[in-house]
Colleague: 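Handing you a structure now.
Here the structure is a predicted model, which is why all the values come from computation and not from measurement. These values consider heavy atoms only, across backbone and side chains, with no hydrogens, waters or symmetry-generated copies. Residue numbers start at 1 and run along the sequence shown.
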Amino acid sequence: FGFAGYTEKVLNRKGVKFVSAEAEATDAYPASMEGANPLKVKLYFTDSGKIIGGEVWGKSKYVSGLVDLISRLIYERLSLEEVISLSSVAFPAVT
């Protein structure tokens with residue numbers, strides 16, 4: 001488990017209105033690949049769409065890297081639209 005920014009628990013405790021999005025997958029493709037582990041990511045956004053936190057769960061070597069990425073997204077104050085349009089080597093743009 002790892003997180004950056006606010007967690008759902010803290011947001012609820014503070015009474016902050018937020019929206020969340022989550023995804024579950026494995027850390028390898030195809031999922032049937034030997035050594036593939038389940039991985040869950042949940043992101044939190046303000047009502048106006050700015051990312052304010054994220055949590056990552058899984059027995060995976062990628063947890064820390066995803067937490068680092070979430071931290072950078074928060075630092076850059078990206079919007080939901082900007083987050084979902086990001087492209088990287090591991091996650092190329094859908095055309």
Colleague: Let me confirm one number: the CZ-CG distance from F45 to L80, rounded to the nearest 0.5 Å.
Modeller: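 One finds 4.5 Å between CZ of F45 and CG of L80.
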Colleague: Kindly work out whether a path of hydrophobic side-chain contacts (I/L/V/M/F/W/Y, heavy atoms less than 4.5 Å apart) joins L43 to I74.
Modeller: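 In one cluster with L43: I74, yes.
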Colleague: I want to check something: taking the side chain as every heavy atom from C-beta on, are I70 and V56 in contact at a cut-off of under 4.5 Å?
Modeller: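 Heavy-atom side-chain distance check passes, below 4.5 Å.
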Colleague: Just by distance, do the side chain of D27 and the backbone of A36 share a donor-acceptor pair under 3.5 Å?
Modeller: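 No, because the side chain of D27 does not come within donor-acceptor range (under 3.5 Å) of the backbone of A36.
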Colleague: If I take atom CD from residue E24 and atom NZ from residue K40, how far apart are they, to the nearest 0.5 angstrom?
Modeller: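 Nearest 0.5 Å value for the CD-NZ distance: 5.0 Å.
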Colleague: Any link between I84 and I52 through a network of hydrophobic side chains (Ile, Leu, Val, Met, Phe, Trp, Tyr) touching at under 4.5 Å?
Modeller: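 As far as the 4.5 Å side-chain criterion goes, I52 and I84 are not connected within one cluster.
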Colleague: Verify the cluster assignment for V41 and V83: are they in a single hydrophobic cluster under the rule of side-chain heavy atoms below 4.5 Å apart?
Modeller: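 Linked within one cluster.
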Colleague: With rounding to the nearest 0.5 Å, note down the distance linking OH in Y62 to CG in L39.
Modeller: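 These two atoms lie 10.0 Å from each other.
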Colleague: Looking at CD of E82 and CG of L73, how far apart are the two atoms once the value is rounded to the nearest 0.5 Å?
Modeller: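 Reported value, rounded in 0.5 Å steps: 9.5 Å.
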Colleague: What closest approach, in Å, do N12 and F18 show between heavy atoms, and which atom pair accounts for it?
Modeller: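 Taking every non-hydrogen atom into account, OD1-CE2, 3.5 Å.
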Colleague: With clusters defined by side-chain heavy atoms of hydrophobic residues (ILVMFWY) lying less than 4.5 Å apart, directly or transitively, does I51 cluster with V16?
Modeller: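 No; I51 is not reachable from V16 via cluster members.
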Colleague: Is any side-chain heavy atom of W57 closer than 4.5 Å to one of E55?
Modeller: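 Yes, at least one pair of side-chain atoms sits under 4.5 Å.
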Colleague: What is the distance from atom NZ of K17 to atom CG of L11, rounded to the nearest 0.5 Å?
Modeller: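 Those atoms lie 13.5 Å apart.
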Colleague: Can you measure from CD (E81) to CG (L86) and round to the nearest 0.5 angstrom?
Modeller: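 Reported value, rounded in 0.5 Å steps: 12.0 Å.
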Colleague: What verdict does the side chain to side chain contact (heavy atoms under 4.5 Å, CB included) test give for Y44 and K42, after you've listed the backbone C-alpha separation in whole Å, the side-chain angles of each residue and the deciding distance to 0.1 Å?
Modeller: CA-CA 7 Å; Y44 305 103; K42 192 166 186 180; 3.3 Å; yes
Colleague: Is it the case that atom OH in Y75 sees more than 12 heavy atoms from other parts of the structure closer than 6.0 Å?
Modeller: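 Not buried by this count: 12 neighbours or fewer within 6.0 Å.
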